[in-house]
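Here the structure comes first, spelled out in structure tokens, and everything after it is commentary.
Within every chain, numbering begins at 1; the chains are lettered A, B, ... in the order of the sequence lines, protein sequences first and strands thereafter. The analysis underlying the following values was restricted to heavy atoms, covering all of them including side chains, and did not include hydrogens, waters or symmetry mates.
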Amino acid sequence: MSAGGGGEERPAFSQKSAELAVAALFLVFGAIVVYDSVRLGSGWAADGPKPGYFPFYVGLLICIASLVNLVAALRVPRARGKAFVEVGQLRMVLTVLIPTAIYAALVTWIGIYTASFLFIGFFMRWLGKYAWWKVVVTSAATMVVFYVVFEIWFKVPLPKGIVERWLGLD
Amino acid sequence: MDELQALAHGFAVALSLKNVALMFTGVILGVIIGVLPGLGGANGVAILLPLTFGMAQTPGGDTSAIILLSCIYWGALFGGAITSILFNIPGEPWSVATTFDGYPLAQQGRAGTALTAAFTSSFVGAFVAVLVITFLSPVVANFALEFGPPEFFAVYLLTFCAFVGTSKEPAFKTIASMMLGFALAAVGTDTVTGTLRLTFGSTHLLTGFDFLVAVIGLFGIGEILLTLEEGLEFRGAKAKIDLRVVLETWKELPRYWLTSIRSSAVGCFMGIVPGGATPASFMSYGVARRFSKDGNKFGTGMVEGVVAPETAAHAAGTSALLPMITLGVPGSPTAAVLLGGLMIWGLQPGPLLFIEKKDFVWGLIASMYLGNIAGLIVVLTCVPLFAAILRVPFSVIAPIIIVICAIGSFTVKNAMFDVWMMVVFGMLGYAFKKLQYPLAPLVLAIVLGDNAESSFRQAILGSQGDLAIFFSNKLVGFMTTLALILLFWPLVSWLIGKMRGAPSGKSG
């Protein structure tokens, strides 16, 4: 499915900004690791290396590597920079990413079965434009299969919420 | 011939009704996983691993569990070829090279031939690799029994430096990604002193980041996001294999015996050193093109162009288990997940496994022979079924895959926090893939981080902080030197390029 509409192939972010952002994230993370390792002691105690000894060098290497990556990214001229992601592509990615994040929150709140039922239903209805009865049947059937496989067959309890309690499954 | 005797015993273990049933279940699940976008060998095994926790506790159950999981891996290796040939979508990175000639063949209406050739040569590659494992792994394990902490750390160092030396990705990105893995592995309780590290007061982080959640997020969610960029629909060629096509292809295949031998050799070698299946398949395709008398016709639909990468990918994917069971150092992300599984079940991978858990090791090796036969039967007979899975619209299959990933992450520790982490790792995986940060060293570092650190600390404790311990005898000195050469290889080749004055060396 090609993304329709004007400007869909316009870059949403340039490759360069993405490179810079990721390298900077690495640098911050590396700095945190170094900071905590120094707090724990990165040196040598009477009974051997202190707990921060190994992570200290790991953090240091992250910092060095991300600095090199940062400089490499800065040296790419912006005019030649290609798109990291195009607007149309980004829209597709976000149509899945945002519902997935909401889904993860919903699982905490109403249990995995109800949340998954809603999640699959939402996708089929919104992106697939299926008839309502198909949406309900497919996602309900999927949940029954999951329940049988996980709870009954492999005896792995999954998080449940108010609906399962109401159905007497919890 | 101690090996043959041990192997015969292994067959007796693997041939129980329960284990054969698990083999077929594993292969079928594996092919489905290999066919579906967003579910690959590594995260397929990661999702199903928590389900085996219970199984592994029963007597002999750990052997059944590893048979199930390794057969999922074989199935995924087979499954990758189906999507490459029929849909021009490599389901797995190692089947990219299969698309070059496989898809043109399918477009010419010879999909059956291409698939048969792919499956058969996969089988041949895997078979050669299992032979290598059977006879080489006891030798390696025996040799490694003498290893102390410095030697083990040198092996880890060699593995990780090999990533820097051999990967196509920029060296500093490889290092950054690998060290991120080590840092994530260090989070939580320090195994030696019991001190809390990098938790910043969070109770969720007490036990650290779980590699399974990272794998599911990075490979699963990340892959789905990448697939979505391409749009929602797959269009594929028709697949049908009947006996006549199979027999005709089998008649043609012996002609490529030299290609098969070469590709198996390339594959086995690349699998044992941590290069992995993906570079092996590309390398073998390139070699075949150079040596074939029809080399200039490669890319237009040559059967030989399917044989070469498939043989090598399977040989590499299989032989990646050799260093895993003998040294405790996996050669591929999927092998890393399997290794993590062994540790969760309470087995310590490494040379001692060959002495203490004979049933387990030889049962696993025997199941490699049988699992690949099971795989060949399953894929040859059920291709249309598997191809039909890809025709299920993405708006149905994508949310189901995400739900499966979420369940997989949750069941690792029964923690909701992990489902959140999966989403975060998914975004990371998407960005890393697009920016050429390699994921394999990251995963290996998360799995091996604690072991590498403790062998380093033990080694250096023995020498009172003197790093010369890593050069203290011939063996460890050789491994450390080799590791350092590999580590600085990108720099060396860059300098050589500079000195020759090659203008291609300069890029901004």
What residue in [options] has the most heavy-atom pairs under 4.5 Å with chain B?
| options | value |
| --- | --- |
| A/Pro157, A/Pro159, A/Ser66, A/Ser116 | A/Pro159 |
| A/Leu94, A/Val85, A/Val149, A/Leu90 | A/Val85 |
| A/Asn69, A/Ile112, A/Val93, A/Ile120 | A/Asn69 |

If I measure from the heavy atoms of chain A, does [X] come under 4.5 Å with its side chain, its backbone, both, or neither?
| X | value |
| --- | --- |
| B/Met178 | neither |
| B/Phe200 | side chain |
| B/Leu196 | backbone |
| B/Ala176 | both |

Between atom CG of A/Leu20 and atom OG of A/Ser14, what is the distance when rounded to the nearest 0.5 Å?
7.5 Å
Is atom CZ of B/Phe172 surrounded by more than 12 heavy atoms (other residues, nucleotides or ligands) closer than 6.0 Å?
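No, not enclosed.
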Is the charged tip of B/Lys434 near the ring of A/Phe84: under 6.0 Å from the six-membered ring centre and within 45° of its axis?
yes
Side-chain ion pair, A/Glu19 and B/Lys173, N-O less than 4.0 Å
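Looking at B/Lys173 together with A/Glu19, the answer is yes, because their closest N to O distance falls below 4.0 Å.
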Give the ring-plane orientation class for B/Phe456 versus B/Phe153, where under 30° counts as parallel, over 60° as perpendicular and anything between as tilted.
tilted
Is the distance between the ring centroids of B/Phe160 and B/Tyr156 less than 6.0 Å?
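So the answer is no for these two rings.
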Ring centroids only, cut at 6.0 angstrom: are A/Phe122 and A/Tyr103 within range, meaning strictly under it?
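For A/Phe122 and A/Tyr103, the ring centres are not under 6.0 Å apart.
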Testing B/Leu435, B/Ile221, B/Leu226 for side-chain contact (heavy atoms from CB on, under 4.5 Å) with B/Tyr430, which one passes?
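That would be B/Leu226.
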Just to be sure I understand the criterion: a residue of residues 130-144 of chain A counts if one of its heavy atoms is under 4.5 Å from a heavy atom of chain B. Which ones qualify?
A/Tyr130, A/Thr138, A/Thr142
Max heavy-atom pairs within cutoff under 4.5 Å with chain A, candidates B/Val419, B/Val424, B/Leu180, goes to B/Leu180
Heavy-atom pairs under 4.5 Å with chain A: which of B/Glu453, B/Met422, B/Arg457 has the most?
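Top option by heavy-atom pairs under 4.5 Å: B/Glu453.
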